[in-house]
Amino acid sequence: MKVLGIETSCDETAAAVYDGERGLLSHALYSQVPLHAVYGGVVPELASRDHVKKLLPLVQQALSEAKIEADQLDGVAYTAGPGLVGALLVGASVARSLAFAWGKPAVGVHHLEGHLLAPMLETAAPEFPFLALLVSGGHTLLAEVRGLGDYQIIGASLDDAAGEAFDKTAKMLGLPYPGGPALAKLAESGQPGGFDFPRPMLDRPGLDFSFSGLKTAVVVAIRGRQLDEQARADVAYEFQQAVVETLVAKCARAAKQTGLKTLVVAGGVGANRRLRAELQALGEKRGLRVLYPRPEFCTDNAAMIAYAGYRRLVAGEHDDLKIRATARWPLDTLRMPAAV
């Protein structure tokens with residue numbers, strides 16, 4: 001089965017083709033970062049309009065790179081939520097219209113399910129069940145992934161997600177958008193000991209996260225100070241270390257609680273090199289197998305949507321003619337397809 005995947009949940013426009021026999025055949029992506037950088041963040045209306053301009057050419061590019069024609073496809077998958085509703089509607093409308101015109105089934109995919117299944121695109125793919133840390137700009141959660149559509153959330157952020165805290169702290173330090181990668185780069189030249197930031201919620205049991213207090217601690221630490229370049233780097237270093245140590249400690253707790261021996265790390269913050277190094281050390285210490293998607297599949301992409309859609313279409317699931325776009329869609333409301 002060959003599936004076209006479409007992703008337009010926020011500020012990346014993407015299309016990909018996945019083949020159940022040969023794997024990923026193509027993936028094409030256009031980032032809107034330059035468009036939004038002048039505003040210091042994503043402008044939803046501009047994002048939607050840019051998706052309208054870029055999506056169909058990217059679909060054609062994905063088909064061309066996959067060396068297939070539309071009539072060779074067996075289905076179309078698209079991100080139905082969560083995300084910016086205007087951006088989602090662009091992808092949903094195009095995907096549903098193409099599927100109707102081509103006489104193919106369509107299926108709306110949960111964006112976070114795509115992230116959780118993204119490591120399945122790699123050669124060293126995990127087997128169910130596994131523990132997952134999903135950490136991005138909009139979400140930070142720990143989940144037991146037992147199978148397709150069978151996800152039990154065991155820990156989640158009570159306020160700011162880790163990626164959101166990265167972006168907001170980067171803005172305080174005068175770094176350009178997108179702030180997370182810029183802060184991580186600045187932290188490479190930082191030195192320990194200059195600032196002391198809390199490790200949120202590690203002094204109490206449980207697997208939930210809270211990063212708003214850490215962000216406030218940064219505000220208090222730099223308020224009224226003239227920071228030179230080294231001081232800014234030191235703030236970035238200590239902030240990043242606080243986030244990383246918190247995420248790693250919660251992963252260690254979750255692995256002990258669940259007894260699972262495979263940890264999958266997904267989402268944009270999963271590309272952070274410091275986090276990867278610390279989690280790898282945890283894996284070696286605790287006997288955990290730690291897996292990631294390749295860096296380009298940590299951030300939003302259509303390859304993961306094509307794969308998740310493939311899995312659901314193979315199981316016999318598909319949508320009716322209704323166009324689906326849901327800004328808020330709790331992951332734990334998903335269900336396993338009947339045929340799984």
Side-chain angles (χ1 to χ4, degrees), residues 1-9 12-28 51 55-56 58-60 62-63 66 68-121 125 128 145-151 297 300-340:
M1 175 178 280
K2 299 178 183 66
V3 177
L4 170 68
I6 287 174
E7 155 63 20
T8 62
S9 65
E12 275 93 18
T13 314
V17 177
Y18 183 84
D19 185 334
E21 293 183 356
R22 294 187 290 160
L24 186 64
L25 301 184
S26 66
H27 65 100
H51 288 313
L55 182 53
L56 283 175
L58 281 170
V59 167
Q60 187 55 54
L63 292 175
I68 66 171
E69 300 295 329
D71 60 5
Q72 295 175 276
L73 290 170
D74 299 293
V76 179
Y78 63 94
T79 304
L84 300 176
V85 70
L88 290 167
L89 278 168
V90 175
S93 300
V94 169
R96 196 65 201 81
S97 299
L98 290 176
F100 180 78
W102 294 336
K104 310 294 183 180
V107 63
V109 171
H110 195 292
H111 184 71
L112 301 189
E113 180 170 68
H115 276 301
L116 290 176
L117 299 181
M120 299 294 188
L121 293 165
F128 299 123
V145 180
R146 299 166 176 168
L148 180 67
D150 189 3
Y151 314 118
F297 295 157
D300 294 349
N301 65 88
M304 66 184 190
I305 302 303
Y307 177 79
Y310 158 76
R311 291 293 302 266
R312 288 192 171 271
L313 287 165
V314 161
E317 182 177 321
H318 60 82
D319 296 342
D320 55 23
L321 293 177
K322 182 179 179 180
I323 294 172
R324 297 171 57 198
T326 306
R328 297 183 182 277
W329 187 3
L331 180 65
D332 54 7
T333 62
L334 285 180
R335 297 293 179 264
M336 297 175 63
V340 172

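Using a 4.5 Å heavy-atom cutoff, the side chains of Thr79 and Leu88 are in contact. Annotation: side chain of Trp329 is not in contact with side chain of Leu112 (no heavy-atom distance under 4.5 Å). Side-chain contact check for Gln72 versus Leu63: every heavy-atom pair is 4.5 Å or farther apart. With contacts defined as side-chain heavy-atom distances shorter than 4.5 Å, the pair Leu331/Leu116 qualifies. When side chains are defined from C-beta on, Glu113 counts as touching Leu148, because their heavy atoms get closer than 4.5 Å. Side-chain contact between Phe128 and Val145 is present, with heavy atoms from C-beta onward closer than 4.5 Å. In this structure the side chain of Tyr78 never reaches within 4.5 angstrom of the side chain of Leu98, judged on heavy atoms.
Note that CZ of Arg335 is 6.5 Å distant from OG1 of Thr333, once rounded to the nearest 0.5 Å. Residue Arg324 holds its CZ atom at 4.5 Å from CG of Asp319, rounded to the nearest 0.5 Å. We find the CE-CZ distance between Met1 and Arg311 to be 12.5 Å, quoted to the nearest 0.5 Å. Residue Glu7 holds its CD atom at 5.5 Å from CD1 of Ile305, rounded to the nearest 0.5 Å. Residue Asp332 holds its CG atom at 11.5 Å from CG of Asp150, rounded to the nearest 0.5 Å. Between His51 atom NE2 and Ser9 atom OG the span is 7.0 Å, to the nearest 0.5 Å.
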*Walk me through it: do Phe297 and Leu24 pass the test side chain to side chain contact (heavy atoms under 4.5 Å, CB included)?*
CA-CA 12 Å; Phe297 295 157; Leu24 186 64; 3.5 Å; yes

*Pair Asp300-His111, side chain to side chain contact (heavy atoms under 4.5 Å, CB included): steps then yes or no*: CA-CA 9 Å; Asp300 294 349; His111 184 71; 2.9 Å; yes

*Going through the distances and angles, do Ile68 and Leu73 end up as a side chain to side chain contact (heavy atoms under 4.5 Å, CB included)?*
CA-CA 8 Å; Ile68 66 171; Leu73 290 170; 3.6 Å; yes

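Heavy atoms only, all atoms of each residue included: Leu313 and Val3 are closest at CD1-CG2, 3.8 Å. Minimum interatomic distance between Asp19 and Glu21 (heavy atoms only, all atoms of both residues): OD1-N, 2.8 Å. Between Pro82 and Ala327, the shortest heavy-atom distance links the atoms CB-O, 3.1 Å. The shortest non-hydrogen separation linking Asp320 to Arg96 is O-NE, 3.0 Å. Listed here is the closest heavy atom pair of Ala62 and Val17: O-CG2, 3.9 Å. The minimum heavy-atom distance between Ala16 and Ala306, with the atom names listed, is O-CB, 4.1 Å.
Under the 30°/60° scheme for interplanar angles, the aromatic rings of Tyr307 and Tyr18 are found to stand perpendicular.
Listed for the Asn301 side chain is a donor-acceptor partner under 3.5 Å among the backbone atoms of Met304. Asp74 contributes a side-chain N or O that, together with a main-chain N or O of Lys2, makes up a donor-acceptor pair within less than 3.5 Å. No donor-acceptor pair closer than 3.5 Å links the side chain of Arg328 to the backbone N or O of Gly81. Judged purely by atom type and a 3.5 angstrom limit, Arg312 has no side-chain atom pairing as donor or acceptor with the backbone of Tyr310.
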